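Working notes, beginning with the structure itself.
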Amino acid sequence: MTVESKKELRSIFNLKKIFFVLLGNTIYCAGIVAFVLPTGLVTGGTTGLGLIVNHYFGVPIELFAAIFNTVMFLLAVVLLGKAFALTSLISTFYFPVILGVFQKIEWLQDLTDDPMLCTVFAAVSIGVGIGMVIKAGASTGGMDIPPLILNKKMGVPVSVGLYTFDFLILIGQMFFRDTEKSLYGILLVMIYTVLVDKVLLMGKNQMQVKIMSEHYEEINEMIHQKLDRGTTLYRTESGYLHNKGFLVMTVVSNRELPKLNQLIMEIDDKAFMVISQVSEVKGRGFTLHKHLL
């Protein structure tokens, strides 16, 4: 691959990354404006902190988000380094802008007044939005920064820091929200936390298949020829009869698994298979282009 081609691919990758960071923030803000603000739900993160400041001091949420995100960005530059801070630069300035734009769209705030629907759809939009930003290799800024600083300076796990700050922000809102909305808010945070993890793993889950068979050579060749997947052979010895042989290991997608199972059964219907889901696979044929020999 030429230097020009590499530069072009890098440019396309950066544009794709920026696109998903902007899209993720847009979905996040749309959920906040459509489902959280109209119903007064309790939530965590920068938005939750903004709701507290707005209640006690009357500061508009989008203005608070702009100021808070800027301060957190400067802290990230000083304490976490410029390289990391740049990943949150887009979110830092785009989030409050798009939040303010959505707040001016009246029909967006009149979609539903059902608290359960608002909780579910708010959680989906926040979880998907944050997940897309993080998956793009960026940061949403704001309340992402303090847990990362604590992790670097004091060794506190990032997940513990995130949950602690969200919990404190939820408590802060409970003083001026009724109990029912507080409970909905807790449910909201729980759902979007799970969804963030799901989005981060989306498209990366693969199936690892280990096959024990006397016809391992035929199965090995079949996987190469009909599925175009790589394999690894392990020398094996059975525990009872001490028969020696080979185990064929391969990784396929969820959609390819039924086909692989069918093809193996056609070769050896007594084959012993162990199938397990793996969270992510990297390397040739997955994250790198196939190199045909």
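These numbers were taken from a predicted model, which means no experiment stands behind them.
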For [Y], is there any backbone N or O sitting under 3.5 Å from a side-chain donor or acceptor partner on [X]?
{"X": "Lys244", "Y": "Thr236", "result": "no"}
{"X": "Thr46", "Y": "Met143", "result": "yes"}
{"X": "Arg235", "Y": "Gly245", "result": "no"}
{"X": "Ser238", "Y": "Asn243", "result": "yes"}
{"X": "Asn261", "Y": "Leu257", "result": "no"}
{"X": "Asp268", "Y": "His215", "result": "no"}
{"X": "Gln173", "Y": "Thr43", "result": "yes"}

Any chance [atom1] of [X] has more than 12 other-residue heavy atoms, nucleotides or ligands included, within less than 6.0 Å?
{"X": "Lys152", "atom1": "NZ", "value": "yes"}
{"X": "Tyr234", "atom1": "OH", "value": "no"}
{"X": "Glu180", "atom1": "CD", "value": "no"}
{"X": "Asp110", "atom1": "CG", "value": "yes"}
{"X": "Met190", "atom1": "CE", "value": "no"}
{"X": "Glu106", "atom1": "CD", "value": "no"}

I need the [X] [atom1] to [Y] [atom2] distance, nearest 0.5 Å.
{"X": "Ile32", "Y": "Ile98", "atom1": "CD1", "atom2": "CD1", "answer": "13.5 Å"}
{"X": "Glu221", "Y": "Lys226", "atom1": "CD", "atom2": "NZ", "answer": "10.5 Å"}
{"X": "Ile264", "Y": "Ile219", "atom1": "CD1", "atom2": "CD1", "answer": "5.5 Å"}
{"X": "Leu74", "Y": "Thr92", "atom1": "CG", "atom2": "OG1", "answer": "9.0 Å"}
{"X": "Phe20", "Y": "Ile90", "atom1": "CZ", "atom2": "CD1", "answer": "13.5 Å"}
{"X": "Lys17", "Y": "Phe19", "atom1": "NZ", "atom2": "CZ", "answer": "15.5 Å"}

Legend entry - Result of checking Leu263, Val209, Val248 against Ile223 for side chain to side chain contact (heavy atoms under 4.5 Å, CB included): Val248
Side-chain contact, heavy-atom cut-off 4.5 Å: [X] with [Y]?
{"X": "Thr193", "Y": "Val189", "result": "yes"}
{"X": "Phe35", "Y": "Thr119", "result": "no"}
{"X": "Lys181", "Y": "Thr39", "result": "no"}
{"X": "Thr70", "Y": "Phe93", "result": "yes"}
{"X": "Cys29", "Y": "Phe95", "result": "yes"}
{"X": "Val274", "Y": "Gln208", "result": "no"}
{"X": "Val33", "Y": "Gln109", "result": "yes"}
{"X": "His224", "Y": "Asp228", "result": "no"}

Inset, instruction - Using ring-ring contact (aromatic ring centres under 6.0 Å, His included) as the criterion, list what pairs up with Phe102, not counting sequence neighbours. - result: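 For Phe102 there are no ring-ring contact (aromatic ring centres under 6.0 Å, His included) partners, ignoring immediate neighbours.
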Legend entry - Contacts of Phe68 that satisfy ring-ring contact (aromatic ring centres under 6.0 Å, His included) - sequence neighbours left out: Phe64
Please report the closest heavy-atom contact between [X] and [Y], naming both atoms and the distance.
{"X": "Ala123", "Y": "Leu195", "value": "O-CD1, 3.6 Å"}
{"X": "Ile169", "Y": "Gly45", "value": "CD1-O, 3.5 Å"}
{"X": "Met249", "Y": "Val251", "value": "SD-CG2, 4.2 Å"}
{"X": "Ser125", "Y": "Gly31", "value": "OG-CA, 3.0 Å"}
{"X": "Phe246", "Y": "Met212", "value": "O-SD, 4.2 Å"}

Legend entry - Working for side-chain contact (heavy atoms from CB on, under 4.5 Å), residues Thr47 and Leu99: CA-CA 10 Å; Thr47 305; Leu99 186 65; 5.7 Å; no
According to a 4.5 Å side-chain heavy-atom criterion applied to Ile, Leu, Val, Met, Phe, Trp and Tyr, with indirect links allowed, do [X] and [Y] form part of one hydrophobic cluster?
{"X": "Val36", "Y": "Ile105", "answer": "yes"}
{"X": "Ile67", "Y": "Ile52", "answer": "yes"}
{"X": "Met154", "Y": "Met72", "answer": "yes"}
{"X": "Val194", "Y": "Leu183", "answer": "no"}
{"X": "Val71", "Y": "Val97", "answer": "no"}

Inset, instruction - Among Asn25, Asn69, Thr26, find the one that has a side-chain hydrogen bond (donor to acceptor under 3.5 Å, both in side chains) with Tyr94. - result: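 It is Thr26; the other options fail the test.
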Inset, instruction - Check the pair Thr112 / Cys118 against side-chain contact (heavy atoms from CB on, under 4.5 Å), numbers first and verdict last. - result: CA-CA 7 Å; Thr112 178; Cys118 287; 3.8 Å; yes
Inset, instruction - Provide the full list of ring-ring contact (aromatic ring centres under 6.0 Å, His included) pairs with a residue in residues 174-197, sequence neighbours left out, each pair given once. - result: His55-Phe176, Tyr56-Phe176
Inset, instruction - List the steps and the verdict of side-chain contact (heavy atoms from CB on, under 4.5 Å) for Met207 and Asn254. - result: CA-CA 6 Å; Met207 305 304 295; Asn254 292 326; 3.0 Å; yes
Inset, instruction - Please step through side-chain contact (heavy atoms from CB on, under 4.5 Å) for the pair Ser91 and Val133, ending with a clear verdict. - result: CA-CA 9 Å; Ser91 298; Val133 173; 4.0 Å; yes
